[in-house]
Number of protein chains: 2
Amino acid sequence: MSRRTGAVTMHEVAARAGVSIKTVSNVLNGYQYIRPATKEKVEAAIADLGYQVNITARNLRRGRSGLIGLAVPELSLPYFAELADSVIRAAEARGVTVLIEQTGSVRERELEVLTGQRRHLTDGLIFSPLELGPADVDALKVEYPMVLLGERIFGGPADHVTMSNVDGARAAVQHLLDQGRRRIAVIGAHEGETIGSAALRVQGYREALDAAGIPFDPALVGEAGLWHRATGAETMHRLLDSGVEIDAVFGLNDALALGALHALHARRVDVPGRIAVIGWDDIEETAYSSPTLSTVSPGREQIARTAVDLLLARIDDPEVDRPFERVVADFTIVGRESTLGDAAPEVAVPVAR
Amino acid sequence: MSRRTGAVTMHEVAARAGVSIKTVSNVLNGYQYIRPATKEKVEAAIADLGYQVNITARNLRRGRSGLIGLAVPELSLPYFAELADSVIRAAEARGVTVLIEQTGSVRERELEVLTGQRRHLTDGLIFSPLELGPADVDALKVEYPMVLLGERIFGGPADHVTMSNVDGARAAVQHLLDQGRRRIAVIGAHEGETIGSAALRVQGYREALDAAGIPFDPALVGEAGLWHRATGAETMHRLLDSGVEIDAVFGLNDALALGALHALHARRVDVPGRIAVIGWDDIEETAYSSPTLSTVSPGREQIARTAVDLLLARIDDPEVDRPFERVVADFTIVGRESTLGDAAPEVAVPVAR
DNA sequence: TTGTAGGCGTTATCAC
DNA sequence: GTGATAACGCCTACAA
């Protein structure tokens, strides 16, 4: 708040301009009916004194802060860093500021985010949980505007923006099938889970295989709890060590796929010559890896914009109780070297759903 | 602020506990001299009503927000995302919250950050400018606590945490020399600039060559204004096209080096067989690129922690006018495949300054 | 078109 | 130990 001693207040501006404090307030808030002369006097005083409104006082009075929360697992995960970037820009375009909170994918911290003190500081929350699930739906019944991101909770008590998981996965696998691949491994599955991105993308994977008449082989499913590069590499090594025949890999996110690329490179396996690889997220890194990584581009910008719009709609009129919306973002298959080979120009294929 | 109607206030808690509002406040703020029985009554009332303090009101009264600003170019640049992560954690450990602002490396926005409305919302600012320079030193004379990061402004009117640019660069180049490299290109130079990371790191580069008795060859200096992967790749291509003999590349940051790796891969140049590459920043990606990237680890955690500590010291007693401090972070050379070859175990070499 | 009064929810001051 | 009461700086009624 930078309450340096003697920060100028409206009173001083009013005194200097020879008007009342209310008039100053009116000028500041663009009130229509002010005599031009008065307005000028006030503006001159504001300029002279270098006055700036005290936002905290305004917030207290207005019951609004102009701040929205964005809770993500970690900024050091590139997808979330890029998402945060997009959300900040979208929010800025709408005149609000974003307060980022990291949950570290820790259940307790995800719950804390919902009820913590910071909720008093923000007008609403965009929340991307990675641990909460349908069982926590009660914890999500909060009194403030919230938009959920991700695929952990469906039909929850909030607006919800989600990726096109099943369709995107199906398209990704179809892209591999189109290159003649038949032994397609998947990395990042969560055994026993029936919710979340992992389950949905694996479902899309299976649907694509089914449609192609290829039997599902559990030996091709690589579990990986955390979707980091390290786990992607480990899982890739494990699959290769298992001796199962593989001619393609579907990483359920880019970090996993990049980890897999790393492992394949370490073992001198030609990509895509022997094994093709596709990821998910279209983080910037995928355009520069060696080889460049084909991926599913999940509509990050659209997700950010939609989330901000939905949230602000609720903030702007909290009385209306509109039914909760669910928005599914558009996706694109981005074909790069890791599936198309060296000569591959980058091609983005929008896929109709 | 989630001013949902009927949020519980201290008055209600006081009424319920049968005490005065001040007593509730005392309990909340850990005031020592309270009769245990009174304290219990109040705590029970708080629990019953699910009361939470209104931070905005507290902030207004206290003249503090518990928020500090962190202004960086972009979160989509991995180094800054990882830095933000570290700063958020360091701040959390000290009980304060971080408000991130993106300047997009735009001069006007960097100036705006210094004077904008958000400064009323934060108790201080950690600022990493990329465009401002010594000429802007007046704009940096702000009334609130600030810590500068980076190498744009030295001797400015603020505490300053910086990387060990010259020494780190010298060590990086020495690392290449140790591998027998003699034709070392540098990518990311800023022609004509005498301040900033580029100039300092190029200076270290030249010092290392001098010490090794290798003449400086301007043909080996690749200009690149923006330090992104794309510009790194372009510059690498340009250098290769120029026909100059090169057996190693020093990317002034990891993004440039990764872009260079990308270009080298595209042209089927063996790394490090024919050209060794080293970067700067030690972003997570460098441990997973193909080949893995050797780099200078600039002490990100230490930088974040130090910056937060310095800032909070100023915030905690604003009256004291301590001279401005300058802290130079420790660095480490991390040797990976891009300089040491395939068998390379990852080795981190702390370098004494 | 402008001014006055009052309160947003808390904390600080100072009696009691 | 605890309780009135007055700010913190602004905005909304309402009055003028």
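Here C:dG7 presents its C1' atom at 12 Å from CG of B:Leu60, a figure rounded to the nearest Å. Distance, A:Glu12 CD to D:dG9 P: 9 Å, rounded to whole Å. Rounded to whole Å, the distance from OH on B:Tyr31 to P on D:dG1 is 9 Å. Atom pair B:Leu49:CG and C:dG9:C1' shows a separation of 15 Å (rounding to whole Å applied).
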Can you pull every protein N or O that's under 3.5 Å from an N or O on nucleotides 10-13 of chain D?
| unit_1 | atom_1 | unit_2 | atom_2 | d |
| --- | --- | --- | --- | --- |
| D:dC10 | OP1 | A:Tyr51 | OH | 2.4 |
| D:dC10 | OP1 | A:Asn54 | N | 3.0 |
| D:dC10 | OP2 | A:Met10 | N | 2.8 |
| D:dC11 | OP1 | A:Arg58 | NE | 2.6 |
| D:dC11 | OP1 | A:Arg58 | NH2 | 3.0 |
| D:dC11 | OP2 | A:Ser25 | OG | 3.3 |
| D:dC11 | O2 | A:Arg61 | NH1 | 2.8 |

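Side-chain contact, A:Arg118 with B:Thr97: a donor N or O sits under 3.5 Å from an acceptor N or O. Under the 3.5 Å distance criterion, with hydrogens and angles disregarded, no donor-acceptor pair is assigned to the side chains of B:Glu82 and A:Ser76. Between the side chains of A:Gln52 and B:His120, at least one donor N or O lies within less than 3.5 Å of an accepting N or O.
If you check residues 36-44 of chain A against DNA chain D, you find no residue with a heavy atom closer than 4.0 Å.
A salt bridge links B:Asp159 and B:Arg314; the closest N-O separation between the charged side-chain nitrogens and carboxylate oxygens is under 4.0 Å.
Shown here for A:Ser86 and A:Glu301, the closest heavy-atom pair between the two residues is OG-OE2, 3.3 Å.
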Return all side-chain donor-acceptor pairs below 3.5 angstrom for residues 306-313 of chain B, not counting sequence neighbours, or 'none' if the list is empty.
| unit_1 | atom_1 | unit_2 | atom_2 | d |
| --- | --- | --- | --- | --- |
| B:Thr306 | OG1 | B:Gln302 | O | 2.6 |
| B:Asp309 | OD1 | B:Arg94 | NH1 | 2.7 |

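Ring to ring, B:Phe154 and B:His160 are close: their centroids are under 6.0 angstrom apart.
Listed pair B:Thr23 / D:dG3 meets the phosphate criterion, a side-chain N or O lying under 4.0 Å from OP1 or OP2.
In B:Lys39, the NZ atom is not crowded: 12 or fewer heavy atoms of neighbouring residues, nucleotides or ligands sit closer than 6.0 Å.
Nearest to the side-chain atoms of B:Tyr33 among the listed nucleotides D:dG3, C:dG3, D:dG1 stands D:dG1.
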